[in-house]
> 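Handing you a structure now.
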Amino acid sequence: MGVVIIGAGQAGVQAADSLRSGGYEGAVTVVAGEAGLPYQRPPLSKDWLMPDSPEPALLPLRPAEFFDRENVTLLHAAAEAIDRSARTVQLGDGRELPYEHLVLATGSRPRPLPAPGADLPGILQLRTAADAAALRAGLGTARSVVVVGAGFIGLEVAAAARAHGCKVTVLEFAPRPMARALTPRMGQWFAQAHADLGIDLRLGEGINAFTAGPDGRVAAAVSTSGAEYPADLVVVGVGVLPNQELAEAAGLETGNGIVVDAGLRTADPRIFAVGDAAAFPGGPDGALVRLESVPNAVDQGRHVAAAILGSGEPYRSLPWFWSTQGPYRLQMAGLALPDDETVLLGRPEDGAFAVLCFRGGVLAAVETVNLPSEHLGARKLLEAGAQVTPADAAAAEFSLRGAAKAARRARA
Ligand SMILES: Cc1cc2nc3c(=O)[nH]c(=O)nc-3n(C[C@H](O)[C@H](O)[C@H](O)COP(=O)(O)OP(=O)(O)OC[C@H]3O[C@@H](n4cnc5c(N)ncnc54)[C@H](O)[C@@H]3O)c2cc1C
């Protein structure tokens, strides 16, 4: 019977790989709803869209040989239902897959924008390779681009559109970009950085409607302030929705994601959920959170494989994330909260600095711009639970990398 994994994305493929590397000998089947070899999504909003990048190729999550060598069956089909009492998954092509353990790694999809005209030709969203190919082609000819949503993907696309020489307007309902994930300090810095790249960032403005030109394609976005922004290409990046309907129909608990416990198990002990689709108790005080990042998907894929192999450990992993927006590499370690005390490291005006977030007087999260080694230092410190205080961070000679080294020496 073995393990059936629904979803051949970052989390699902990692779970299959970790099952085999952990010594699992039963059948492993990954149900892939997308055609071709499973691929990495991050380049789709970065290198793929840049004007000077060569004809892009998809970066596979694993080479084709992996599936043969590891005896992992990659089944191209859509999973349509789960029968928990019979322990089977029904596929769209009529097949039925029995399972001993089931991993729901169904990911997420772009949140639709409920505005009149949102389905006009020329309005795109970005999740899949096909979406990225359409967007790349669109950027090749577009002159005026409107991006709806100043989240990570929206701003990565906006920076790429600017690099194509397009006039770019970003409409964002919130008062700062990336407001859900970043400290106000970092969000405000990015607002200015994008303005300096020549992007017209309109904060506090949402979308009322899109209007079409005589050719039937989108011609303008009308914002909540009534202003009309001409556009021959619109990219909507207003977040994602977890793919949780299969779980819901199978009677499993869902909310903002498929609800799992500290071991990433649903209330059905044979069924796990991982990656973008899973809501797990990893927030402050055990609150349910759903994280949308490669490291989260990979770590959770590894964890469920270990759980299936018999580990009873709870899932514990430091959240971290990156985003590349024009010349800026943003990296985050830990989850920043609105009430965190913040300390700056370095000079924002140099375009390379960090915001350190303290909770209860100790380091809880770090945001860096163009400081990759400080980001690594932050991860090491946070993973080790090192007690760095605001007073430590304010010292003239302080660096996260140096503190991580000192903490390692102290533990040795
Ligand atoms: C353009 C873009 C850029 C990104 N950039 C970054 C970045 O810079 N850094 C970062 O950390 N993260 C980034 N992310 C987020 C990251 O890619 C996701 O968090 C990660 O891919 C989640 O992995 P997953 O396996 O949970 O879901 P996914 O990768 O979405 O995989 C889920 C798979 O399940 C399939 N599926 C769903 N339902 C079914 C079904 N019923 N039957 C069969 N198959 C099904 C889907 O088709 C999909 O292929 C980016 C995402 C996008 C879209």
Side-chain angles (χ1 to χ4, degrees), residues 4-17 29-49 56 58-59 61 74-82 89-93 95 97 102-111 124-133 135-136 151-157 160 178 181 235 237 239-250 257-258 264 272-280 290-302 304 319-325 328-333:
V4 171
I5 300 167
I6 304 180
Q10 205 87 44
V13 171
Q14 183 62 52
D17 191 340
T29 305
V30 185
V31 183
E34 288 183 72
L37 263 189
Y39 59 90
Q40 302 178 30
R41 298 191 195 282
L44 303 182
S45 51
K46 304 176 184 70
D47 299 353
W48 258 61
L49 302 182
L58 288 174
L59 290 183
L61 289 170
L74 186 64
L75 258 185
H76 285 104
E80 290 201 333
I82 300 163
V89 173
Q90 281 83 55
L91 302 184
D93 58 14
R95 277 179 292 183
L97 297 177
L102 178 63
V103 180
L104 303 175
T106 47
S108 57
R109 59 183 183 276
R111 182 187 290 275
L124 305 178
Q125 292 193 307
L126 178 56
R127 181 78 194 170
T128 64
D131 297 338
L135 182 50
R136 184 178 156 90
F152 296 108
I153 289 184
L155 291 175
E156 289 178 3
V157 170
M178 301 172 281
V235 184
V240 296
L241 296 174
N243 292 325
Q244 61 188 28
E245 291 74 7
L246 265 183
E248 218 168 82
I258 305 167
L264 306 182
F272 297 83
V274 287
D276 278 19
F280 68 102
R290 200 175 56 71
L291 300 180
E292 299 152 12
S293 79
V294 168
N296 175 67
V298 168
D299 289 348
Q300 295 198 340
R302 286 195 184 116
V304 288
W320 62 276
F321 186 78
W322 78 92
S323 170
T324 309
Q325 300 173 20
Y328 303 114
R329 172 103 167 154
L330 165 70
Q331 293 172 294
M332 289 106 76

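Values below: every heavy atom of this structure, side chains too, minus hydrogens, waters and symmetry copies. Counting starts at 1 for both ligands and their atoms, following the listed order. All residue numbers refer to positions in the sequence shown, counting from 1. A quick note: this is a predicted structure, and the numbers were derived from the prediction, not measured.
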> Considering only the protein, which heavy-atom contact is closest to atom 49 (O) of ligand 1, and what is its distance?
E34 OE2, 2.6 Å

> Could I get the full list of side-chain contact (heavy atoms from CB on, under 4.5 Å) partners for A273, not counting sequence neighbours?
L104, I258, V260, A278

> Looking at D276 and R127, is there a salt bridge between them, counting it only when a charged N and a carboxylate O are closer than 4.0 Å?
yes

> If hydrogens are left out, which of R41, K46, Q40 has an atom nearest to atom 5 (N) of ligand 1, that is, the closest non-hydrogen atom?
K46

> Could you establish whether A77 and ligand 1 come within less than 4.0 Å of each other, counting only heavy atoms on the residue side?
yes

> To which protein heavy atom is atom 10 (C) of ligand 1 closest, and what is the distance rounded to 0.1 Å?
F321 CE1, 3.2 Å

> Any heavy atom of A277 sitting closer than 4.0 Å to ligand 1?
no

> Is it the case that the side chain of T106 and the backbone of N243 share a donor-acceptor pair, with hydrogens and angles ignored and the cut-off at 3.5 Å?
yes

> For atom 31 (O) of ligand 1, find the nearest protein heavy atom and state the residue, atom name and distance (0.1 Å precision).
G9 CA, 3.3 Å

> To which protein heavy atom is atom 25 (O) of ligand 1 closest, and what is the distance rounded to 0.1 Å?
A11 N, 2.8 Å

> Can an N or O of L44 be found at a distance shorter than 3.5 Å from an N or O of ligand 1?
no

> Is there any salt bridge (Lys or Arg N to Asp or Glu O under 4.0 Å) pair reaching into residues 8-17, and which pairs are they, with sequence neighbours excluded?
D17-R62

